[in-house]
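Below is one structure, written out as structure tokens; the observations come after it.
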Amino acid sequence: MSVQKPSIPQGTRDFGPAVVARRNYIFGVIRRVFEKFGYAPLETPTMENLSVLTGKYGEEGDQLLFKVLNSGDFLNKKNAAVTTEDLEAGSKKILPKIAEKGLRYDLTVPFARYVVMNRGTLTFPFKRYQIQPVWRADRPQRGRYREFYQCDADVVGTDSLLCEAEIVLMMSEVLNTLGLTEHTIKINHRDVLSGVRFAAGEDPSKESEFFVVLDKLDKIGSEGVKQELKERGFHNFGFQWLEYLLRTHDGNKRMSSSERLKYVSFMFEDIMSDSNAEVVGSKGIRELEGVFRILKDFGFTQFDQLEFDPTLARGLSYYTGCIFEIKINNVNMGSVSGGGRYDNLTGAFGLPGVSGVGFSFGVDRLYDCLEELNLFPEAVATTTRCLIASFDAETARLMLPVLRQLREAGIPSELYPDEAKLGKQFKYADAKGIPYVLLQGPEERAAGQFKLKELSTGQEQLLNWDAVLAELTK
RNA sequence: GUAGAUAUAGCUCAGCUGGUUAGAGCGUCGGAUUGUGAUUCCGAAGGUCGUGGGUUCGAGCCCCAUUAUUUACCCCA
């Protein structure tokens, strides 16, 4: 049998001890903030039934779902799950017969499914957080993986804008705790987008596509937006609305968020001929103003990190209210967090009229940002505090009670398992970042003492047992 | 799905216009030092040059195909 080079699937990664330690640091910060805000943990299965997942993420999302092949021989003539006619009809026809399960694509949809299934036992408003990996059959590239962790916090069962305000508070606290102070929390409202679409006089049926182009204003500029709208077959070329939006994005005369809110509100009054249209846009503005007011009353001060952006468009297939996104300004990386309010998500599972709002951190991207900015605190890859070195099998045996006593004293410790030269054992401790090496040779034993070396200073001390414990626990 | 880049030792990479036996640093192992790491000195091991074909007297280098990785677009955390 030929030896094959081992490999892992595209877009997946191994995490070594040092990386896990740093990832856990990020998870810890996020978890503490979520719990401080009263969210309770939830975990759902890695696999969901495909019927739960399909149709929730738009057409493109369906293609990015990892499907799990059914067990059993579905081509077997007796069972005949797949018939000859199916095979001739093509893969679309066969798929539902050979794959009934799929890997989790995000945490929001499984959460909605959970809420519907457990509606009788939950206390509403229900606040949950969830930290688990999700999978997308995407092309990997910078900051994009096929397996990655999301950290979600969502509330269902209340329309209160307090939830939106608390999302901003949680986002801000996590990022500032991690040291990512150069960030912008962008906020918009689905109704503001709809208002802009009305103002542009475009057809509601192509709304999502219109928003996708609008979202690129920062990236491709107003000329780019005009051109792409034409290419995509939009026909109204009165660009008065675009002039308005450009003013809010003028880099030289940066507007504050409250100025922008007033300005966009004025735009709706100015352009709208249809009064219903104005109502939609203005409703979005009023809700955003409500969120800003709650933040102010709460005592939130970092309004320089919070920005109302009327072109921000995310999660178009299900967000219906506020929309959030976080950009780290001094790193070239996609958004590290996103979220919003969705009125109809549980409706897809037969429970209409329950509003939810939530958001998600992408841990892997946060990690990449912290790495690039050198913001990780000095990580201790090894938890071991003391290595017991030995000279031979006999002294190793005599050190076993010492090992036990160290551990009983709560000092993480290990005994070098092989007979090896002291040099090799010290090298091992150094490579693993173990701060102390303890040894007791015939000389020390005769004197009832131990030799303890601190590797960072190179200092060696001859100590009795109590002094060893005192040094290691200090 | 569309377009580009890369592939040489465990890792990071050199390798000239195609020319004898493919190199360095780091790491590993051994020794200087049979009771001491990080530092110093000496030495050694480690390669079907991603894979398959072609051109050539001769290919790590040129051509074609293929696979993997990676970047950008689309979309997204």
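Sequence lines set the chain letters: A, B, ... in the order given, protein chains first and strands last, and positions in each chain run from 1.
Across the P atoms, B/C74 and B/C63 are found 32 Å apart, a figure rounded to whole Å. Across B/U17 and B/U55, the matching P atoms stand 25 Å from one another, rounded to whole Å. Separating the C1' atom of B/A9 from that of B/A24 is a span of 11 Å, rounded to the nearest Å. As rounded to the nearest Å, B/A5 and B/U21 have P atoms that lie 32 Å from one another. Comparing the P positions of B/U48 and B/U67 gives an interatomic distance of 23 Å, to the nearest angstrom.
The CD atom of A/Glu228 sits 12 Å away from the C1' atom of B/C75 (whole-angstrom rounding). Straight-line distance from the CD atom of A/Glu325 to the C1' atom of B/C75: 12 Å, rounded to whole Å. Rounded to a whole Å, the CG atom of A/Asn332 is 11 Å from the P atom of B/U71. A/Asp138 places its CG atom 13 Å from the P atom of B/A72, with the value rounded to the nearest Å. Between the CG atom of A/Leu422 and the C1' atom of B/U36 there is a distance of 6 Å, given to the nearest Å. The CZ-P distance, from A/Phe324 to B/A77, rounds to 14 Å in whole Å. Atom CD in A/Gln425 sits about 14 Å away from atom C1' in B/U34, given to the nearest Å. To the nearest angstrom, P of B/U71 lies 10 Å from CE of A/Met333.
Heavy atoms of A/Val134 sit nowhere under 4.0 angstrom from any nucleic acid atom. Counting non-hydrogen atoms under 4.0 angstrom, A/Arg445 reaches nothing in the nucleic acid.
The side chain of A/Ser335 has B/A77 as its nearest neighbour among B/C74, B/A77, B/U36. Counting only heavy atoms from C-beta on, A/Arg136 has its side chain closest to B/C76 among B/C76, B/C74, B/G37. Taking only side-chain atoms of A/Arg142, from C-beta outward, the nucleotide of B/A77, B/G37, B/U71 with the closest atom is B/U71. Comparing atom distances between the A/Lys424 side chain and each of B/C74, B/C29, B/U36 picks out B/C29 as nearest. Among B/C75, B/G35, B/G37, the nucleotide with an atom closest to any side-chain atom of A/Glu444 is B/G35.
Sequence neighbours left out, the pairs with a member in residues 331-348 of chain A that pass salt bridge (Lys or Arg N to Asp or Glu O under 4.0 Å) are A/Glu164-A/Arg341.
Side chain of A/Arg407 to backbone of A/Ser413: a donor-acceptor contact under 3.5 angstrom is found.
Residue A/Lys421 has no polar side-chain atom (N or O) positioned under 4.0 Å from OP1 or OP2 of B/G30. For A/Gln10 and B/U69, the shortest distance from a side-chain N or O to OP1 or OP2 is below 4.0 Å. The phosphate of B/G30 has neither OP1 nor OP2 within less than 4.0 Å of any side-chain N or O from A/Lys427. An OP1 or OP2 oxygen of B/A72 is reached within less than 4.0 angstrom by a side-chain nitrogen or oxygen of A/Gln141.
Checked against A/Tyr145 for a side chain to side chain donor-acceptor pair (under 3.5 Å), the options A/Thr12, A/Asp368, A/Asp364 give a single hit: A/Asp368. Of the listed residues (A/Gln10, A/Gln63, A/Arg146, A/Arg144), just one forms a side chain to side chain donor-acceptor pair (under 3.5 Å) with A/Asp138, and that residue is A/Arg144.
A salt bridge links A/Glu372 and A/Arg142; the closest N-O separation between the charged side-chain nitrogens and carboxylate oxygens is under 4.0 Å. Using a 4.0 Å cut-off between a side-chain N of Lys or Arg and a carboxylate O of Asp or Glu, A/Arg197 and A/Glu202 do not qualify as a salt bridge.
Under the stacking criterion of a centre-to-centre distance below 5.5 angstrom and an interplanar angle below 30°, A/Phe148 sits stacked against the six-membered ring of B/A77.
No donor-acceptor contact under 3.5 Å links the side chain of A/Arg144 to the base of B/U70. Within 3.5 Å, no donor on the side chain of A/Glu460 pairs with an acceptor on the base of B/G35, nor the reverse. If you check distances only, the side chain of A/Arg365 does reach the base of B/C76 with a donor-acceptor pair under 3.5 Å.
Ring planes of A/Phe303 and A/Phe300: perpendicular class, angle over 60° (limits at 30 and 60°). Ring-plane geometry between A/Phe34 and A/Tyr39 is classed as tilted, the angle between the planes lying from 30 to 60 degrees on a 0 to 90 degree scale.
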Using Watson-Crick and G-U wobble pairs with both distances under 3.5 Å, what is the 5'-to-3' dot-bracket string of RNA chain B, with [ ] for crossing pairs and | for pairs outside the strand?
(((((((..((((.....[...)))).(((((.......))))).....(((((..]....))))))))))))....
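No side-chain donor from either of A/Gln440 and A/Thr395 sits under 3.5 Å from a side-chain acceptor of the other.
Nucleotides of RNA chain B nearest to A/Gly362 and A/Lys219 differ in position, and the one nearer the 5' end is that of A/Lys219.
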